[in-house]
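Atoms within a ligand are numbered from 1 in the order they appear, just like the ligands themselves.
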Amino acid sequence: MAEIVSSALPGSVTRRGFIKLAGCAAFGGAAAIALPDFAAAGKSDRVKPVLAPEAHFWEKVRQEFILDPDVVYLNIGTTGAMPRRVLENYAEYNRLAASRPRTFESELGASFGLPDQRAQLAAQFGCNADEICLSRNTTDGMDAILNGLDFNAGDEILLTHHEHIGALSPLNVLQDRYGVVLTEVEIPVLDVRNAIQFVERFAAKISGRTKAIVFSHITYKTGTRLPAKDLCRFARENGLISIVDGAHAPGMLKLDFHDMGCDFYAGAGHKWQCGPGCTGILYMRNHGENLPKFWAQNSSTYTFLAQPAGNLRGQYDIAYAMQYRGQANISAQLAMVDACNMWERIGRERIEAYVCGLSAHLKKALQKKFDGLGTFFCPDKPEFASGLTSFNPFADVTDGPRLTTFVQRLQDEYGYQARYTNFRLYQDDLEDTYAVRISTHLFHNRKQLDGLVAAMFDLYGQMGG
Ligand SMILES: Cc1ncc(COP(=O)(O)O)c(C=O)c1O
């Protein structure tokens, strides 16, 4: 990364332009790398139209992935899989980094603070370039947000009873370090009906000391998609900071942060967006009313950007300030932007419709095969559904050993690699409920899911039903 030249403040950040060196023209800069042209896919007359045009299109997309054909990978919720071209670009960036460590960034158009890449992401995620930066992952983003805000003893934060440890850990630090009060809100699981239900659950817990709400856009435990826009409006109307754990949404859903109206949103680049490991996106609202005080304590540029502006929100580019946090894996970050650009070419709305269509198909197929037996923990209603399907075929949903064995055998004996989750179904439960969690993404097709359902039913029979 170009270094900070401390003699010239505050314009101390060297902003070397994009320099195309001889020998690099083949992939000169992230914007010029090779990515598949999906606009033409599905129209080619070189391939016989054996499949319907839409299925043919997704088959072409599927061919962009190098997933092990002997395994049906259904755990994107933990981590995704890089498409071939992204992987190749990533390798090329690393090769260049190894051969020309001092110049590869500028050769690839990665100026200090990644302004071009942030502008590309801003256009894709419905925000301004001074509101989005590339993070290491969701955990990193949640930590930066929660430890960057001003909280004092007695301040209260509301969170759902289905949050991930990536949010819970920094929240518990705030509790132990400053005496912040954490109040759990039970969200509906089996009886999801409408957005008001969720808002009312939060509203019932609000107090004079409440300062912020934290919720997952899509919970990792059940795959329930929360009504983010309604919850953010509720927060705004009550003067609360809205902090969204968006681990599962980028790359699965079409996102528009301004429309959502959240204050902060931490997402993964390595899950549904299928970038390399250790990549993510972090949105921090930087315009409009009531910008919360923020201490960019894990930013190497606080001294040069926030401090000269009196750390006044809206007076400096917070995304720029949060982009540089010491030496980064620039190759990985550029490859993640490549993955984002590939998604744009396919169409993010089209991906969302396909992914959610697959999970709807899976639910229907499970219902049919199991003849109504078993329990779904993910809602059926499209607006609350996602690419994560959670289901337990057994009558005793608290039988952990049985369900975890089921998931393991599904992988070992049938080649379907999903995962299990365990959670409190109701906030006061003393015993956890278990579910198989199945991630369906743009590289899957219905035939694979039908095979999965048949395998699950067969195994269910073998395990005594
Ligand atoms: C809801 C949620 N938040 C945070 C994380 C942590 O994600 P990351 O690996 O991107 O830090 C996960 C991981 O599965 C998750 O499901």
Side-chain angles (χ1 to χ4, degrees), residues 73-82 121 125 132-147 157 159-173 182 184-185 187 189 198 213-228 231 242-253 255 260 262 264-283 298 322 325 328-329 332-333 335-336 339-340 355 359 377-378 384-390 407 417-424 435-441:
Y73 181 66
L74 298 158
N75 194 9
I76 298 97
T78 296
T79 198
M82 274 183 272
L121 295 183
F125 289 100
I132 192 163
C133 71
L134 289 79
S135 62
R136 291 194 290 265
N137 48 46
T138 321
T139 306
D140 175 52
M142 290 302 288
D143 190 68
I145 297 162
L146 287 164
N147 281 301
I157 300 176
L159 61 146
T160 83
H161 79 305
H162 276 185
E163 291 314 311
H164 187 269
I165 196 70
L168 295 177
S169 270
L171 283 169
N172 284 321
V173 168
L182 305 179
E184 256 187 13
V185 174
I187 50 169
V189 180
F198 288 84
I213 65 169
V214 173
F215 65 90
S216 295
H217 191 177
I218 296 168
T219 76
Y220 82 101
K221 294 180 186 289
T222 67
T224 303
R225 186 197 314 194
L226 270 62
L231 288 171
S242 51
I243 302 163
V244 188
D245 176 336
H248 298 283
M252 182 211 286
L253 307 180
L255 292 171
M260 184 184 292
C262 55
F264 296 94
Y265 193 103
H270 66 96
K271 294 182 191 286
W272 300 82
Q273 188 54 71
C274 294
C278 207
T279 58
I281 59 169
L282 174 56
Y283 166 78
N298 54 350
M322 289 300 286
R325 298 196 277 151
N329 186 344
Q333 292 179 325
M336 189 201 77
C340 288
V355 170
S359 70
F377 300 98
C378 48
F384 298 103
S386 73
L388 292 166
T389 299
S390 52
V407 171
Q417 201 167 52
R419 69 160 276 188
Y420 74 86
T421 57
N422 55 305
F423 48 88
R424 282 170 294 148
V436 188
R437 192 191 72 180
I438 302 154
S439 307
T440 46
H441 207 5

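Of the possible polar contacts, none joining the Ser242 side chain to the Cys262 backbone as a donor-acceptor pair under 3.5 Å is found.
Short contacts between ligand 1 and Gly77, defined as distances under 4.0 Å to a heavy atom of the residue, involve ligand atoms 14 (O). Ligand 1 places these atoms under 4.0 Å from at least one heavy atom of Ala268: 10 (O). Listed by number with element, the atoms of ligand 1 under 4.0 angstrom from any heavy atom of Asn137 are 8 (P), 10 (O), 11 (O). Shown in contact with His270 at under 4.0 Å from a heavy atom are these atoms of ligand 1, numbered in order with element: 8 (P), 9 (O), 10 (O). Within ligand 1, counting atoms from 1 as listed, the ones closer than 4.0 Å to a heavy atom of Tyr220 are 1 (C), 16 (O).
The line from NE2 of His248 to CD1 of Ile76 is 11.0 Å long, rounded to the nearest 0.5 Å. Between His270 atom NE2 and Thr78 atom OG1 the span is 9.0 Å, to the nearest 0.5 Å. The CD atom of Gln333 sits 12.5 Å away from atom CD1 of Ile281, with the distance rounded to the nearest 0.5 Å. Note that OG1 of Thr160 is 3.5 Å distant from CD of Glu163, once rounded to the nearest 0.5 Å. Expressed to the nearest 0.5 Å, how far NE2 of His217 lies from OG of Ser386 amounts to 9.5 Å.
Under 4.0 angstrom from ligand 1, the non-hydrogen atoms of Asp245 all belong to its side chain. When heavy-atom distances to ligand 1 are checked against a 4.0 Å cut-off, Lys271 comes that close only through its side chain, counted from C-beta outward.
Distance from atom 11 (O) of ligand 1 to its nearest protein heavy atom, with residue and atom name: Thr139 OG1, 2.5 Å. Looking only at heavy atoms of the protein, atom 15 (C) of ligand 1 is closest to His164 CD2, 3.3 Å.
Backbone and side-chain nitrogen or oxygen atoms of Asp140 are examined, and none is located within less than 3.5 angstrom of a nitrogen or oxygen of ligand 1. For ligand 1, the polar-atom distance check finds no N/O of Ser216 at less than 3.5 Å from any of the ligand's N/O atoms.
Between Phe125 and Tyr265, the ring centre distance reaches or exceeds 6.0 Å.
In the model, Trp272 has no side-chain atom that pairs as donor or acceptor with a side-chain atom of His441 under 3.5 Å.
The closest approach between any non-hydrogen atom of His248 and ligand 1 is below 4.0 Å.
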